[in-house]
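Keep in mind that this is a model prediction, so the values were computed, not measured.
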Amino acid sequence: MDPVATQQVITETMVDAASMDFSLWGLFLRADIVVKLVMLGLVFASIWSWAIIFDKWWRYARIEKRIDQFERVFWSGRSLEDLYQEMGHRPQNPLSALFIAAMREWRRSQEAVAHSFVGLKERVEKVMQVTINREMMALENRLLFLATVGSVSPFVGLFGTVWGIMNSFQSIAVSRDTNLAVVAPGIAEALFATGLGLIAAIPAVVAYNRFSNQTSKIAQRMEGFADEFSAILSRQLDERG
């Protein structure tokens with residue numbers, strides 16, 4: 001091919017490509033309806049993920065601070081009855097909820113006319129286990145959404161990528177032209193969809209792993225507190241027996 005003609009083709013292709021809007025908004029507007037839906041879905045998933053991340057970050061920080069405060073008060077040597085009365089039956093963290101539930105069952109059993117010490121210990125332990133399960137469900141609320149976004153978003157973005165590349169090949173087939181001006185828009189849309197999938201997935205995965213780790217630590221603290229509190233009640237029952 002003549003070098004002059006080749007240079008002219010390259011120049012025309014560069015002019016055509018330069019005349020196109022390759023901004024993020026331009027790529028979105030130029031995409032077909034399927035790719036647009038993919039992009040909108042990924043943007044929504046990312047925004048909702050960040051809303052959950054900020055909410056969970058604030059909530060976990062507050063819970064851990066209040067758990068530390070409660071443990072300091074609980075192990076300060078104060079009477080269990082005084083502590084129960086002071087808390088006013090309004091738990092502000094999982095450990096205080098566990099303590100109030102156990103003390104409520106303890107007091108109900110003490111007010112009964114007749115009771116079995118063995119039955120009382122078993123009832124208190126059962127109440128504490130139910131409370132642990134309930135508090136864990138509250139802590140894990142909406143973490144499944146983060147896990148879903150983290151695992152599904154890359155594949156949704158990949159679907160948008162495949163669809164964009166298909167559009168590029170269709171443009172080539174229709175125009176019978178393989179220059180950059182024909183191929184570039186579809187490829188750019190495809191890569192944009194892939195990028196949105198990764199933008200949605202990466203923070204969701206990191207946040208899910210972090211919050212799952214924090215949830216496990218809180219669960220271990222609750223289990224440990226339940227065992228220690230059960231031992232305290234068991235000693236009191238032995239003294240009364």
same_hphob_cluster([X], [Y]) at 4.5 Å side-chain heavy-atom cutoff:
| X | Y | result |
| --- | --- | --- |
| Leu143 | Trp48 | yes |
| Val206 | Ile52 | no |
| Leu42 | Val34 | yes |
| Phe192 | Ile202 | no |
| Met103 | Ile232 | yes |

If you define the side chain from C-beta out and look only at heavy atoms, does anything of [X] sit under 4.5 Å from [Y]?
| X | Y | result |
| --- | --- | --- |
| Phe229 | Trp106 | no |
| Leu40 | Phe44 | no |
| Tyr208 | Leu144 | no |
| Trp75 | Glu228 | yes |
| Asp227 | Met128 | no |
| Asp82 | Gln85 | no |
| Ser230 | Val124 | no |
| Ser46 | Leu196 | no |

As an exercise, state the distance from [atom1] of [X] to [atom2] of [Y], rounded to the nearest 0.5 Å.
| X | Y | atom1 | atom2 | answer |
| --- | --- | --- | --- | --- |
| Ile218 | Asn213 | CD1 | CG | 10.0 Å |
| Leu95 | Arg221 | CG | CZ | 7.0 Å |
| Ile63 | Asp68 | CD1 | CG | 12.0 Å |
| Ile165 | Leu191 | CD1 | CG | 7.5 Å |
| Glu71 | Asn93 | CD | CG | 9.0 Å |
| Arg142 | Ile53 | CZ | CD1 | 11.5 Å |

Open item on the list: Does the plane of the ring in Phe211 sit parallel, tilted or perpendicular to the ring in Tyr60? Use 30° and 60° as the thresholds.
Closed with: parallel
Open item on the list: Please verify the inter-ring angle class for Phe159 with Trp163; under 30° counts as parallel, over 60° as perpendicular, anything in between as tilted.
Closed with: tilted
Open item on the list: Whether the side chain of Asn209 engages the backbone of Val205 through a donor-acceptor N/O pair (distance < 3.5 Å, no angle test) should be reported.
Closed with: yes
- [ ] May I ask you to decide if Leu139's main-chain N or O and Lys56's side chain share a donor-acceptor pair within less than 3.5 Å?
- [x] yes
Identify the two heavy atoms, one from [X] and one from [Y], that lie closest to each other, and give their separation to 0.1 Å.
| X | Y | result |
| --- | --- | --- |
| Ala101 | Thr131 | CB-OG1, 3.3 Å |
| Val35 | Gly160 | CG2-O, 4.2 Å |
| Gly150 | Ala204 | N-CB, 3.8 Å |
| Phe74 | Leu83 | CD1-CD2, 3.7 Å |
| Val149 | Ala45 | CG2-CB, 4.2 Å |
| Ser49 | Phe145 | OG-CE2, 3.7 Å |

Open item on the list: Counting the benzene-type ring for Trp, do Phe54 and Trp58 have ring centres under 6.0 Å apart?
Closed with: no
- [ ] Not counting sequence neighbours, which residues clear salt bridge (charged side-chain N to carboxylate O under 4.0 Å, His left out) with Glu125? List them please.
- [x] Lys121
Task: Sequence-distant partners of Arg210, salt bridge (charged side-chain N to carboxylate O under 4.0 Å, His left out), two or more places apart - done: none
Open item on the list: As a quick check of understanding, evaluate side-chain contact (heavy atoms from CB on, under 4.5 Å) for Gln220 and Glu223, giving each step before the final call.
Closed with: CA-CA 5 Å; Gln220 291 174 3; Glu223 293 285 354; 5.7 Å; no
- [ ] May I ask you to check whether over 12 heavy atoms, not counting those of Phe99, lie within 6.0 Å of atom CZ?
- [x] yes
Open item on the list: Please enumerate all residues that pass side chain to side chain donor-acceptor pair (under 3.5 Å) together with Glu64, with sequence neighbours excluded.
Closed with: Gln214
